[in-house]
Amino acid sequence: MSVSQPSGARPLCVLLLPAPLPRFILRDQARDLLRAPGVVAVGPGRVPYGAYGRLPRAAADRLARLEARRVLRALPDGTTPRVVTIFHALQEPVARAIADAVAGCELWYWRWDRYERAYDASPRFRDRIEALHEAAARRAALVPAVSDELVRLEREAGRDAALVPMSADDFPAPEGGGVVAISLGHLGRRTDWSLLRGVGERLGGELVALMVGALHDDESEGDPDFAAVKAMPQFVWLGALDDEHAARLILCADVGIVPFRVEPFNDAALPYWIIKYARLGRRTVTPALAGVRTWARAVDVADGPEAFAEALRAHAGARARPDAELRAWALAQTARSQNEPVWARLRALGIATGEA
């Protein structure tokens with residue numbers, strides 16, 4: 001197949017994407033280039049690019065020529081590729097077929113990894129990738145490389161490369177995150193989603209809330225406050241964790257929270273998350289529940305979203321200065337000390353306690 005450059009055809013730079021754009025690791029660079037009218041992207045075809053490295057070379061080349069025709073047909077009318085850009089060595093057969101078919105079309109080979117040293121490839125497949133890499137690098141008129149080391153390797157091989165480090169334009173960069181709160185335990189019908197929604201709306205990007213525990217969607221289905229909280233990026237849903245991992249997350253937090261509804265079922269309880277937070281020197285912010293006042297030493301009671309948000313804000317940065325006195329108090333709240341009234345009754349009844 002050979003295609004001459006039509007007279008007056010508009011030249012294009014064609015990006016052969018190895019994955020759909022939203023999943024492509026270099027999507028920021030690709031989107032930046034795609035702002036240019038002369039740059040277009042063509043996603044992968046039915047045959048995965050990995051197949052070109054696994055098939056016999058003759059078969060791979062035949063498939064590559066078919067894929068090249070698909071790519072050329074996908075281009076806008078009145079255009080012709082002046083550049084074809086690949087992002088992995090396994091794309092070399094298709095790029096070569098396009099460049100061979102269109103007079104004056106050059107190849108650009110973008111390097112963001114050492115594809116030819118793929119750790120997860122068999123020795124035979126790795127040899128094939130290395131051969132494709134060498135072919136692409138030799139032919140390339142431009143080799144954008146993401147690191148100084150990749151540039152050095154290309155130059156060591158007698159080729160030139162341009163340093164083009166990666167970007168992360170799409171990655172969120174919220175300002176704030178001034179207070180990191182953590183919630184342990186059940187997330188469902190006992191949770192006050194209206195409270196959490198109000199706190200999230202008031203603190204916005206100031207808040208990072210680590211939500212540790214099984215999330216029971218079915219118990220809050222149809223609750224608009226629950227839906228709103230789930231949609232807020234400041235709430236990070238981590239699922240159920242064992243105590244060892246939960247303790248490490250508490251170390252990352254400024255303050256614990258108990259986001260319970262104020263209702264009879266919850267009101268008299270003493271959530272033992274409070275003592276867990278306290279063992280790591282973190283206070284707990286809770287709604288106005290009667291039971292939590294048992295551990296008044298460890299809690300800040302806040303009635304309503306406004307007060308709750310302000311109480312959290314007051315603890316911003318506490319993760320860098322845990323409360324040593326609170327920790328000592330909590331560590332002293334052992335089962336043996338807490339059970340003293342029970343032990344006393346056992347002794348009074350003459351039941352053996354094993355005490356000297």
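Residues take their numbers from the sequence shown, with the count starting at 1. Predicted model, so just to flag it, every value in this text is computed and none were measured.
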Exercise. Would you say Asn339's side chain and Val342's backbone share a donor-acceptor pair under 3.5 angstrom?
Worked result: no

For this session: Report yes if some heavy atom in the side chain of Leu238 is under 4.5 Å from a heavy atom in the side chain of Met211; otherwise report no.
Result: no

For this session: Start with the C-alpha gap between Ile182 and Tyr277, add the side-chain angles, then the distance that decides, and say whether side-chain contact (heavy atoms from CB on, under 4.5 Å) holds.
Result: CA-CA 9 Å; Ile182 186 166; Tyr277 302 144; 3.8 Å; yes

Exercise. Any salt bridge between Arg139 and Asp100, counting N to O under 4.0 Å?
Worked result: yes

Problem set entry | Verdict with reasoning, Arg347 to Glu340, per salt bridge (charged side-chain N to carboxylate O under 4.0 Å, His left out) | CA-CA 10 Å; Arg347 290 190 292 269; Glu340 181 52 37; 2.5 Å; yes

Exercise. Should the heavy atoms of other residues, nucleotides or ligands under 6.0 Å from NE2 of His245 be counted, would the total exceed 12?
Worked result: no

For this session: For Ala68 and Ile98, work out which heavy atoms get closest and say how close.
Result: CB-CG1, 3.6 Å

For this session: Walk me through it: do Phe87 and Thr85 pass the test side-chain contact (heavy atoms from CB on, under 4.5 Å)?
Result: CA-CA 7 Å; Phe87 300 88; Thr85 304; 3.9 Å; yes

For this session: Could you tell me how the ring of Tyr49 sits relative to the ring of Tyr52: parallel (under 30°), tilted (30 to 60°) or perpendicular (over 60°)?
Result: tilted

Exercise. Could Arg96 and Asp61 be called an ion pair, given the rule that one side-chain N must be under 4.0 Å from one carboxylate O?
Worked result: yes

Exercise. Is Ile86 reachable from Val102 through a run of hydrophobic residues whose side-chain heavy atoms are each under 4.5 Å from the next?
Worked result: yes

Exercise. Is the CD atom of Glu149 crowded by more than 12 outside heavy atoms at less than 6.0 Å?
Worked result: yes

For this session: Would you please test Arg261 and Glu219 for salt bridge (charged side-chain N to carboxylate O under 4.0 Å, His left out) and show each step?
Result: CA-CA 14 Å; Arg261 297 178 185 273; Glu219 295 181 5; over 6 Å; no

Exercise. Do Ile257 and Thr284 come within less than 4.5 Å of each other through their side chains, counting heavy atoms only?
Worked result: no

Exercise. For atom CD of Glu263, is the number of surrounding heavy atoms from other residues, nucleotides or ligands below 6.0 Å larger than 12?
Worked result: yes

For this session: Apply the test side-chain contact (heavy atoms from CB on, under 4.5 Å) to residues Trp112 and Val164: give CA-CA distance (whole Å), side-chain angles for both, the deciding distance (0.1 Å), then the verdict.
Result: CA-CA 9 Å; Trp112 52 271; Val164 184; over 6 Å; no

Let me have the donor-acceptor pairs involving side chains of residues 310-317, under 3.5 Å, with sequence neighbours excluded, atom names and distances please.
{"residue": "Glu310", "atom": "OE1", "partner": "Arg313", "partner atom": "NH1", "Å": "3.4"}
{"residue": "Glu310", "atom": "OE2", "partner": "Arg313", "partner atom": "NH1", "Å": "2.3"}
{"residue": "Arg313", "atom": "NE", "partner": "Glu206", "partner atom": "OE1", "Å": "3.0"}
{"residue": "Arg313", "atom": "NE", "partner": "Glu206", "partner atom": "OE2", "Å": "3.4"}
{"residue": "Arg313", "atom": "NH2", "partner": "Glu206", "partner atom": "OE2", "Å": "2.8"}
{"residue": "His315", "atom": "NE2", "partner": "Asp300", "partner atom": "OD2", "Å": "2.6"}

For this session: Please check if the side chain of Ser220 supplies one atom and the backbone of Asp223 the other of a donor-acceptor pair under 3.5 Å.
Result: no

Problem set entry | Within 6.0 angstrom of Arg297 CZ, more than 12 heavy atoms from elsewhere | yes

For this session: Provide the closest heavy-atom pair for Trp273 versus Val258 in the form atom of the first, atom of the second, distance.
Result: CE3-CG2, 3.9 Å

For this session: Side-chain contact test, heavy atoms from C-beta onward, threshold under 4.5 Å: evaluate it for His216 versus Leu187 and give yes or no.
Result: no

Exercise. If you draw a 6.0 Å radius around CZ in Arg336, do more than 12 non-hydrogen atoms from other residues or ligands fall strictly inside?
Worked result: yes

Problem set entry | Pair Arg155 + Asp160: basic N to acidic O under 4.0 Å | yes

Exercise. Rounded to the nearest 0.5 Å, how far apart are CD1 of Ile275 and CH2 of Trp329?
Worked result: 4.0 Å

Problem set entry | CG (Asp303) with more than 12 external heavy atoms under 6.0 Å | no

For this session: Could you tell me whether Arg152 and Glu156 have a side-chain N and a carboxylate O separated by less than 4.0 Å?
Result: yes

Exercise. Considering only heavy atoms from C-beta outward, does the side chain of Arg111 approach that of His133 to under 4.5 Å?
Worked result: yes

Exercise. Would Asp217 and Lys230 pass as an ion pair if we require N to O under 4.0 Å?
Worked result: yes

For this session: Using the side-chain contact (heavy atoms from CB on, under 4.5 Å) rule, take Leu251 and Arg282 through it: C-alpha gap first, then chi angles, then the decisive distance, then the call.
Result: CA-CA 9 Å; Leu251 289 174; Arg282 272 65 171 178; 4.1 Å; yes

